[in-house]
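Values below: every heavy atom of this structure, side chains too, minus hydrogens, waters and symmetry copies. Just so we're clear, the structure is a prediction, and the values are computed from it rather than from any experiment.
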Amino acid sequence: MEGLRYAQIYGERGQAQEGLDVVALAPDGGGVGLQSKKYKRFGPADLKAAVKKFRDTERPFTINRLIIGVSIDVKSKTVPPVLADLRKDLRPTELDLWDRQEFSLLLRTRPDIVIEFFGEETARAFCLPFELESVVVPSVETVAIREALARTPEETTGAADLLREARALPDEPERALGLIEEAQRKLRATPFGAYAAQYDAERGRLLARLGRADEAARQCLDEFWAALDLGLTSTADVAHRRLRELVGAGAAPWFTQVAGAASNIYFNPFGAVDDVAALGEDVDRARLAALVGEVVLANDDPAALSSLSDTLAAAIEGDFRDPVLRTRLRLLAAEATGDWTAILTDVRKLKLGYDLLALVTARYARRRALNQEFKEAEALWDDATGDASLARRWADATTWTQSRRAFREYWNPFTSDELLPLQKALRELGSAPRILSIAETAYESALEALRFDRLRPATISAQRALRDAVSAGDWAGEREARRVLASALAKADEPGLAARHLARAGAVKEIKELGKQFADRFIDVTPELSAPNYWTVGTAFRLIEQQADLVPDDLVEVISKRILTEIAGAEANELPDIRMLAVSRYNGAIGALAGLAHRLTPEHADKVLAHFERQPPLDDKHYRFHDMNEAVAVARIAHTRPEVAERACTHLVSLLARSQSARKHVAQEAVDRYFDVTRPLLVDLAAKGNHWARETLAFHDTDSVPPEQAEAALARLTTPLVHTPGVFTEGTSAVGDSLLVRGLPGDRLEPAVSELLRKAADTHVGAADRGDYLIAAANLAPQLSAADRDKHFAAAMRGASAPGSSLHDPWERRFAHRLGGMRVVYNDMDSRERALFLAACLAGDDGQRTAVRGQAYELLVDGGESGYWVTRALQQLGDAMREDVGYLLTQGWALRSFAAILWARHGTPVQAGMRLATDPDVRVRRTLAESLEGAEPDEVRRSVRDRLAQDPSYSVRSVLA
């Protein structure tokens, strides 16, 4: 009741009880004694007598607490003061008095005690509400396991006696061998059968003494294979060492050769294989052939797999009895030859049993899936799930249901959750052994090793996880294994191998990151463009898109022909594809085209333009997924092929007028460069109310803006904001309006700049909109008078140094946190850089320019955004920045690009040139190459030009060509 232990009645009838009836130990180890008094009345004298009896008696143990229990209610007012005095006298021994009321309070929460002495009916009436729980009696097997844990399995099974007896017979190896084998049989008959393996070494030594080393080596090699099957690499290593000992004791050398060959394959991080056809007995040749075949299959090397056909055929005919191993070999042979007839016939005739039948069906489903036979593949995985259920292989049934869900993403998206209840139900049926022995923790081991940069074990574990998934027809597991394997390979400086796995996994995001990681090394994935499914092709194209600037000249035509094939297939609707997905082959091809369009032959450029011109027209409320890449491709063709520039710009203007996402810098440059061609088209669009066309015309010719449009834009710029409590708005037309009003006199524009600055300081305006207002003001700054520019300079500097808080920004930040349930990425959460750019545009004297420069460096130290607008601001200061090139080299890409411009112009400091020529960001190197055109060709600049002429990026080399 109070945590007392070892409670017992103290003494027998007739013995002196020394003032105690019951003794026990408290949780802290102190002694507790109880005197029991069955009185009709209990007063102060009775209490004193009970304590005196306890105090006057010597005991062979210590009592730290004395409890006097009375069977009646003690209500007398004279008892409490006596009890208090006795407690003081008895210290340090504690004294408690429990009467009937106290006992009742204690027992109300202990229905088990009340039931034992008074029955359940009394307990229901007396105790607090309770529920009776049935006592679970452990089974005999459970008790045996518990006993084995406490005493060791050897002791509980009697194996220990046999082992001791065997070790006492050093001169009788045959008898000792029999005893050890008997001990192992006893252990294997229990749930602790694995304990028997630790005596294999002893058994092997005895067999070797008896001239039977080969027999011991055979068992040891079987254990080695079993450990490899389960991914138990430490156990396999132990078995391998024992094999070496046995060979040293007389066993045949081929035992270690087989184990060595298997280990070399298993522990090869690149998935490389050796020729092992002639090693070992039939069963070993079969196991080696299966291992090699599954490694090659997982690495998607059809030629290497085909070369194994004869080895696999010979292994299948070998003399061994393992039906699972033979089925693995037959599946590999079918994969190698492409002939599935024989094994599928056995499936239809139910010759393999439901478990192997399910395995064959799942593997065939994977084969059909890779060839884009969508409905057929899903139906086969469904059949495999059913057959696995008949064999009670619930783990495999769950895996293949998950494979169906994962595969639906490629042909029937948004329906995978329909299968989730089935997957959960199968998982809850239990964890029966799988059909194939797999390394259950290989994937997790790979992730864990990767987390600590242990790249070799990470790669080996990931290779094993991939091999298991492919061998079992596990589509979802195969994708995840390829991802983690690619991560390890990329970290190990093997981007080519990493890209192959990412392409097959359809991992678009990861393959783009791979391209960024190796920004100066081309990763050739052109072989993947011939893959039989669209997601591999589409993902490979995404890497080419990311690395288009690194594509070697001799591969440009190869890739462009492949792109034209994709385009033709899309027009004819011959190539399966889902354009809404990131893995779309068509969208990937257009992305790669955008990166290579300026390197196309005239013939290919003409075909690309013709394709885009044949697209069905869209209205202004619709877009295509490839609008942006289409615009970039057409613009680059216009830039590099003057003979088709008019045709390209005609298409480009209609595209930019419709699609905001297409309005990239290179596209706008093409419109500007060929303004004579695009102007009539822009005028026509502007007349129809297209805002982009109006703004583009106004940028080139302020007089082209109709007066009524300019006045309307000025009215919008000068109209104060009106706020509704609790309501925030996003988005402005300020930048476009600023282009429309630039032709107005400066005195009319000053109120607009004043109002734009007020809006930029409004507490109800978010940072992104503040930036728009500030850029709009900067567009108008050149038209202001010197006095007006000076008047607004201070406000711009305040916005650059200490902008007022915005009520809108905290709301945006709630959705910007990386751990948020809903995340919205805001790229313009800081308006200070744009305010600095405005201040630079307003600066009219050296003092103001010095202030801008100082504030720019404060923003850089404070960690602003990208540094782009700081760079734009510093560019307004001109050659005053020439002494700061060394500092600019330590900043972001934009400021380093500015340093490249300054260095090309002035050539100092001398050592900065080569550093800029080897900058990790191609944008910096490209800017340097462009800036060197027309610069004084001294020796230092010539060496820098020579370095840039060898640049891996075409955009850098071509500038100097």
Side-chain angles (χ1 to χ4, degrees), residues 133-134 136-142 144-146 190-194 226 229-232 322-325 327-328 331 344 346-348 350-369 375-409 412 414-445 447 464-481:
E133 294 183 3
S134 58
V136 178
V137 179
S139 64
V140 175
E141 294 82 1
T142 307
I145 291 173
R146 176 66 184 88
T190 72
F192 295 91
D229 283 345
L230 295 172
L232 304 176
D322 186 344
V324 176
L325 177 57
T327 302
R328 288 167 59 193
L331 284 168
L344 292 178
D346 286 351
V347 166
R348 286 190 290 272
L350 301 179
K351 287 186 175 181
L352 300 177
Y354 286 115
D355 49 0
L356 294 178
L357 185 153
L359 175 63
V360 172
T361 306
R363 279 283 291 277
Y364 192 52
R366 177 184 178 272
R367 174 83 171 193
R368 302 289 288 270
K375 292 182 179 179
E376 296 84 351
E378 178 163 349
L380 286 165
W381 267 312
D382 189 16
D383 290 343
T385 302
D387 292 331
S389 299
L390 291 174
R392 303 185 68 81
R393 302 282 191 167
W394 308 119
D396 291 300
T398 303
T399 293
W400 293 326
T401 302
Q402 187 175 6
S403 295
R404 290 175 62 196
R405 291 184 61 215
F407 186 58
R408 282 193 178 188
E409 295 176 17
N412 198 7
F414 314 118
T415 65
S416 62
D417 285 347
E418 295 173 4
L419 297 171
L420 184 58
L422 173 60
Q423 181 182 332
K424 292 169 64 178
L426 288 169
R427 183 186 296 119
E428 290 167 2
L429 288 173
S431 55
R434 291 182 179 271
I435 299 167
L436 289 180
S437 297
I438 66 170
E440 294 282 0
T441 62
Y443 178 73
E444 291 76 10
S445 297
L447 288 175
R464 177 60 200 265
L466 174 60
R467 195 159 66 247
D468 283 345
V470 170
S471 300
D474 177 3
W475 187 266
E478 179 179 344
R479 288 195 311 177
E480 295 310 308

Using the test salt bridge (charged side-chain N to carboxylate O under 4.0 Å, His left out), find all partners of [X] that sit at least two apart in sequence or belong to another chain.
X      : answer
Asp468 : Arg464
Glu378 : Arg404, Arg408
Arg467 : none
Asp229 : none

Residues two or more places apart in sequence or in another chain: which of them pass side chain to side chain contact (heavy atoms under 4.5 Å, CB included) with Ala481?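 By the side chain to side chain contact (heavy atoms under 4.5 Å, CB included) rule, Ala481 matches Ala465, Leu466.
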For Ala365, side chain to side chain contact (heavy atoms under 4.5 Å, CB included) partners two or more places apart: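 Here the qualifying residues are Leu380, Trp381.
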Could you pull out all residues at least two apart from [X] that satisfy side chain to side chain donor-acceptor pair (under 3.5 Å)?
X      : result
Asp383 : none
Gln423 : Arg405
Glu444 : none
Asp322 : none

Is it the case that the side chain of Asp474 and the backbone of Gly477 share a donor-acceptor pair, with hydrogens and angles ignored and the cut-off at 3.5 Å?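 Checking the backbone N and O of Gly477 against the side chain of Asp474, a donor-acceptor pair under 3.5 Å is found.
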Could you tell me whether a side-chain N or O of Trp475 sits under 3.5 Å from a main-chain N or O of Trp400, the two making a donor and an acceptor? no
Residue pairs passing the salt bridge (charged side-chain N to carboxylate O under 4.0 Å, His left out) test with at least one member in residues 422-435, sequence neighbours excluded, are Asp396-Arg434, Arg434-Glu440
CA sep, side-chain torsions, deciding dist, call: Leu426, Thr385, side-chain contact (heavy atoms from CB on, under 4.5 Å): CA-CA 10 Å; Leu426 288 169; Thr385 302; 3.8 Å; yes
Taking all heavy atoms of Leu436 and all of Ser471, pick out the closest pair and write down the distance.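 Smallest heavy-atom distance, with atoms named: CD1-O, 3.5 Å.
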Can you name the closest pair of heavy atoms from Ala388 and Ala358 and give their distance?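 Here Ala388 and Ala358 meet closest at N-CB, 3.6 Å.
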Interatomic spacing from [atom1] in [X] to [atom2] in [Y] - rounded to 0.5 Å:
X      : Y      : atom1 : atom2 : value
Lys351 : Leu356 : NZ    : CG    : 14.0 Å
Leu419 : Thr401 : CG    : OG1   : 7.0 Å
Asp382 : Ser403 : CG    : OG    : 12.0 Å
Leu420 : Gln402 : CG    : CD    : 9.5 Å
Leu357 : Thr327 : CG    : OG1   : 10.0 Å

Going by the side-chain hydrogen bond (donor to acceptor under 3.5 Å, both in side chains) test, which pairs reach into residues 353-365, not counting sequence neighbours?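 Listed by first then second residue: Asp355-Arg393, Tyr364-Arg368.
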Can you find a heavy atom in the side chain of Leu359 that is under 4.5 Å from one in the side chain of Leu331? yes
When you look at Glu376 and Arg367, which way does the side-chain contact (heavy atoms from CB on, under 4.5 Å) test go after all the steps? CA-CA 10 Å; Glu376 296 84 351; Arg367 174 83 171 193; over 6 Å; no
